[in-house]
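Structure record follows, encoded as structure tokens.
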Amino acid sequence: MRIILLGPPGAGKGTQASRLTAKYGVPSISTGDLFRARVKDPNDPLGQQIKAILDAGTLVPDEITVKMISERIDHDDCKNGFILDGFPRSVSQAEALEKMLKEKNLKLDGVVQIGVDEEKLVERIAGRFSCSGCGEGYHDKFKQPAHANTCDKCHKTGTFVRRADDNEKTVRERMHIYHTQTEPILPYYTERGMLKTVDGMADMDHVTAAIESALEPKNGGAAANSPKKFG
Ligand code: ADP
Ligand code: ADP
Ligand code: ZN
């Protein structure tokens with residue numbers, strides 16, 4: 001299964017990607033996570049260059065991003081597929097992906113847009129935190145750990161972190177970038193008969209079920225379930 005999850009910052013891409021990995025037995029690949037891993041290394045000059053871009057909320061240049069994805073999907077764990085979370089983020093990246101997959105003789109199974117009401121995104125992003133031990137995502141209101149300060153998944157304590165770019169100024173810039181650079185991907189995939197939209201305002205379990213249903217072969221046509229317009 002090779003799929004792309006699309007949606008603005010805070011839509012739930014990472015949350016859904018990690019749930020779908022178990023179902024489909026393929027890894028989720030988050031460009032944001034790959035970049036944040038590089039930023040952590042103070043001796044990596046490219047990491048420090050990327051840090052400045054992440055802090056600003058703009059896009060890392062394609063030559064870095066596309067190469068990173070191309071190398072990542074060559075790993076053994078991607079032999080049965082992958083879930084892309086946060087890539088592509090522009091039409092030029094979508095074109096690069098199309099070309100790359102063709103060269104690797106691979107085919108995309110679907111592109112799922114997680115549609116959300118924009119006013120609610122600020123609340124989602126402001127309450128977001130995750131476990132630095134295992135990456136599990138949480139929310140102050142919508143997904144608290146069962147025991148305060150302890151990760152449900154890896155059971156470590158005191159590992160919760162918040163992203164530096166989840167501040168109001170950077171979020172505003174990320175939303176702007178989403179509208180100007182990323183949204184034009186939607187018609188790109190609609191034209192290719194690949195885009196499906198699910199209601200990302202439902203609770204997490206329902207969103208997962210809607211994505212799974214949209215990806216079933218019987219729903220293989222374009223916009224299998226897009227009753228509502230988001231944005
Ligand atoms: P993205 O990867 O698209 O930026 P995340 O998956 O990190 O989004 O989700 C943003 C925040 O919203 C997280 O704290 C997550 O726990 C929470 N969240 C995700 N999906 C939902 C949902 N359907 N309802 C409520 N909160 C959600
Ligand atoms: P979110 O989960 O809020 O959508 P991500 O973790 O996906 O955010 O991305 C964080 C930051 O990483 C982005 O604001 C951008 O600076 C950079 N980034 C992520 N994916 C890409 C991409 N495909 N191309 C360029 N920059 C990217
Ligand atoms: Zn953990």
Side-chain angles (χ1 to χ4, degrees), residues 4-20 28-39 49-69 83-90 92-94 96-97 112-117 120-145 149-167 170-178 181-182 185 198-211:
I4 297 174
L5 296 183
L6 290 177
K13 302 181 296 296
T15 300
Q16 296 303 328
S18 76
R19 288 162 163 242
L20 295 168
S28 80
I29 302 176
S30 154
T31 35
D33 283 348
L34 291 171
F35 290 140
R36 283 186 287 278
R38 291 210 69 150
V39 168
Q49 191 189 325
I50 291 171
K51 179 181 186 306
I53 298 171
L54 264 54
D55 286 344
T58 53
L59 294 186
V60 175
D62 281 0
E63 65 259 32
I64 299 172
T65 309
V66 172
K67 181 163 174 270
M68 196 177 72
I69 285 288
I83 301 165
L84 293 180
D85 156 14
F87 181 90
R89 243 177 166 93
S90 63
S92 67
Q93 290 185 2
L97 178 65
V112 181
Q113 178 198 13
I114 303 179
V116 280
D117 297 336
K120 305 283 184 196
L121 292 178
V122 177
E123 185 184 25
R124 284 210 186 161
I125 293 172
R128 163 160 66 186
F129 61 99
S130 66
C131 171
S132 60
C134 69
E136 183 72 355
Y138 293 92
H139 193 278
D140 290 328
K141 192 165 149 191
F142 305 122
K143 193 193 163 194
Q144 293 170 349
N149 225 13
T150 305
C151 177
D152 293 346
K153 196 172 164 193
C154 72
H155 308 294
K156 286 189 186 142
T157 297
T159 51
F160 293 147
V161 290
R162 290 181 194 260
R163 280 169 48 177
D165 62 344
D166 279 349
N167 63 73
T170 307
V171 168
R172 217 177 292 130
E173 177 62 15
R174 282 157 56 202
M175 293 304 298
H176 172 71
I177 297 278
Y178 178 78
Q181 311 255 77
T182 309
I185 300 184
V198 300
D199 179 4
M201 295 316 296
D203 66 48
M204 294 177 200
D205 291 343
H206 281 95
V207 180
T208 309
I211 296 174

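Please read these numbers as outputs of a predicted model, since none were measured by experiment. All ligand and atom numbering here is 1-based and tracks the order in the structure.
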message: Between ligand 1 and Gly137, can you find any atom pair, the residue atom being a heavy atom, that is separated by under 4.0 Å?
response: no
message: I need the nearest protein heavy-atom contact for atom 20 (N) of ligand 2: residue, atom name and distance, please.
response: Thr31 OG1, 2.8 Å
query: Going by distance only, is there an N or O of Arg128 that falls short of 3.5 Å from an N or O of ligand 2?
result: yes
message: Does only the side chain of Thr58 get under 4.0 Å from ligand 2, or the backbone, or both, or neither? Count heavy atoms.
response: backbone
query: Should Gly86 be counted as touching ligand 2, given the test is an N or O pair under 3.5 Å?
result: yes
- prompt: With only distance considered, is Arg36 within less than 3.5 Å of ligand 2 through an N or O on each side?
  reply: yes
statement: Output for pair (Phe129 CZ, Arg163 CZ), nearest 0.5 Å, gives 14.5 Å
Shortest protein heavy-atom distance from atom 21 (C) of ligand 2, along with the residue and atom involved: Arg89 CD, 3.4 Å
query: How far is atom 24 (N) of ligand 2 from its nearest protein heavy atom, and which residue and atom is that?
result: Gln93 NE2, 2.9 Å
field: Salt-bridge criterion met for Glu136 and Lys143 (N-O under 4.0 Å)
entry: yes
- request: Provide, to 0.1 Å, the distance between atom 3 (O) of ligand 2 and the closest protein heavy atom, together with that atom's residue and name.
  value: Arg174 NH2, 2.5 Å
statement: Protein N/O/S atoms closer than 2.8 Å to the Zn ion (ligand 3), ordered by chain and number, come to Cys131 SG, Cys134 SG, Cys151 SG, Cys154 SG
query: Any N or O on Asp33 sitting closer than 3.5 Å to an N or O of ligand 2?
result: no
task: Starting from atom 8 (O) of ligand 1, find the nearest protein heavy-atom neighbour and note its residue, name and distance.
output: Gly12 N, 3.1 Å
field: Gly7 heavy atom under 4.0 Å from ligand 1
entry: no
Proximity flag Ala17 to ligand 1, non-hydrogen atoms under 4.0 Å: no
- line: For atom 2 (O) of ligand 2, the closest protein heavy atom turns out to be Arg163 NH1, 3.4 Å
- line: Going by the 4.0 angstrom heavy-atom rule, the piece of Leu59 near ligand 2 is both
query: How close does the nearest protein non-hydrogen atom get to atom 12 (O) of ligand 2, and which residue and atom is it?
result: Leu54 CD1, 3.6 Å
query: What is the closest protein heavy atom to atom 26 (N) of ligand 2, and at what distance does it sit?
result: Val60 N, 3.1 Å
- prompt: Can you tell me the protein heavy atom closest to atom 27 (C) of ligand 2 and the distance?
  reply: Phe35 CE1, 3.5 Å
Side chain to side chain donor-acceptor pair (under 3.5 Å) against Arg38, all qualifying residues, sequence neighbours excluded: Asp44
field: Any N/O pair Asp85/ligand 1 closer than 3.5 Å
entry: no
